[in-house]
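When a ligand or atom number is given, it counts from 1 through the structure's own listing order. Throughout, residue positions are numbered sequentially from 1 according to the sequence presented.
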Amino acid sequence: MGRDERGVTPQSEDFSAWYNELVAKAQLVDRGPAKGTMVIRPYGYRLWELLQGELDWRIKDTGHENAYFPLLIPESYLQREAQHVEGFSPELAVVTHAGGKELEEPLIVRPTSETIIGEMMAKWISSHRDLPLLLNQWANVVRWEMRPRMFLRTTEFLWQEGHTAHADRDDAMRETMLALDLYAEVARDIAALPVVPGEKTAGERFAGAERTFTIEAMMRDGKALQAGTSHYMGTNFAEAFDIRYTAETGRQETCHTTSWGMSTRMIGGVIMTHGDDKGLVLPPRLAPHQVVIVPIGRGDEVPAAARDLAGRLRAAGVRVHVDDRAHLSPGYRFNDWELRGVPVRLELGPRDLESGTVVMVKRLGDEGKQPIPLDSSAEVLPGVLDDFQAFLLRRATEFRDAHTRAAGDWGSFTDAVASGWALAPHCGEPACEGDIKAETGATPRCVPLDGAAETGVCVRCGRPAAYGKRVVFGRSY
Ligand SMILES: [Zn+2]
């Protein structure tokens, strides 16, 4: 079978070409005119909205409130937290001129909002009664990107950033883990990504954080993608921004803060976890169209029946689209929706109508074309979509497990990270992490929360292993 102009390079030939071609041909994104920027097209934006919706109600349900803070931040704010400014300065976009003249103080286009939100928290918190303060912001941020990749690393991206302030360490740590749980739930139940929740090692921590937690997903090329992070800041930002409160005892205390974010990068994760040589494969819970009906043949009868079927599916809670582009052949339309990852296609022609059936074709699986009764299709399809969602999670979990190996010695470690992840004992020394990265390209992705207790020696240097459990290593995006 030849590749037509809509086909994509096979994954096995060049995974990165596959990805770059697919995001464009599936009409998710286009390149922006400024280096590293991304135009999110309607199909891609709908995906984001669906993910956003799932995350947003969970954030609100757990007591957080949405707010919005300015895009421009005085440069001096970033300098107040030393590690934070050091970590972010290579990526900053700085506004030096505005209104036709040079500004007295340059403004930073936010790379993240800890500083400006910290400043406001200091203003809004005075007593223990003001705590915890649980904020979330949906926003765009800018981090200058030298090696842009659509969704994965772009100069400007969309995300949510949670920012909270607490009376003490325990409450702030509970919050940090709560946010991580929300992310793991959305990744697993909505995006069908079997993520590994864990803690980052010191070398991989967020700039200014005391502890950083992550969910790590495995892509179909065996690389890891950090799909969401949650940080316990200790009192670092609270001290820099003077976020303090009067305790019940009357004493002045310093708040403990957290921040946590999930971004449009998740869409890249969905594409690289589920997609195949035919194109995208979207989990039904994120698919802009869960079902596409393709009416075949001339005349009015079939399109009318297709619209009627769509109405009944919509009433059953299914996101359905009728592809009535009669000027395009059925084959062209079938391929198009396969490329764009629609979970289920329904083909409806005059003969089907006569026999009271519609032909169902799933995006994956070997059942082929299955006729189902038109009358009962609205009852059948929600279950089909649930099964498809579960199948994707199962398949991704099996793939991840098949590409994750326990590695106790250097030989098996290098083998494992060549095609997937290694679970290895590690000393925790940044210099040793650096050696591993230089030799294999792999970095510590996380110390998994549910890892079994184990002692041993570092897979690279032979010193005693840290953390009391094995570390997940892999190459990453
Ligand atoms: Zn070591």
Using side-chain heavy atoms (C-beta onward) and a distance below 4.5 Å, is Glu199 in contact with Val471?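 No - every pair of side-chain heavy atoms lies 4.5 Å or more apart.
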Restricting to under 2.8 Å, identify the protein N, O or S atoms around the Zn ion (ligand 1) as residue plus atom.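 Near the Zn ion (ligand 1), below 2.8 Å, one finds Cys427 SG, Cys432 SG, Cys458 SG, Cys461 SG.
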Examine the side chains of His256 and Glu175 and answer whether a donor and an acceptor come within less than 3.5 Å of each other.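 There is no such pair (donor and acceptor under 3.5 Å, judged by atom type) between the side chains of His256 and Glu175.
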Kindly say whether the aromatic ring centers of Phe206 and Tyr232 come within a distance under 6.0 Å.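 No; Tyr232 has its ring centre 6.0 Å or more from that of Phe206.
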Is it true that His426 and Phe473 have ring centroids separated by less than 6.0 Å?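 Yes, the ring of His426 comes within the 6.0 Å limit of the ring of Phe473, centre to centre.
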Carboxylate-amine/guanidinium contact Glu210 Arg169, below 4.0 Å: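 So Glu210 pairs with Arg169 through a salt bridge.
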Using the side-chain contact (heavy atoms from CB on, under 4.5 Å) definition, which of the options Arg46, Gln52, Glu54 pairs with Leu50?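 Only one of Arg46, Gln52, Glu54 forms a side-chain contact (heavy atoms from CB on, under 4.5 Å) with Leu50, namely Arg46.
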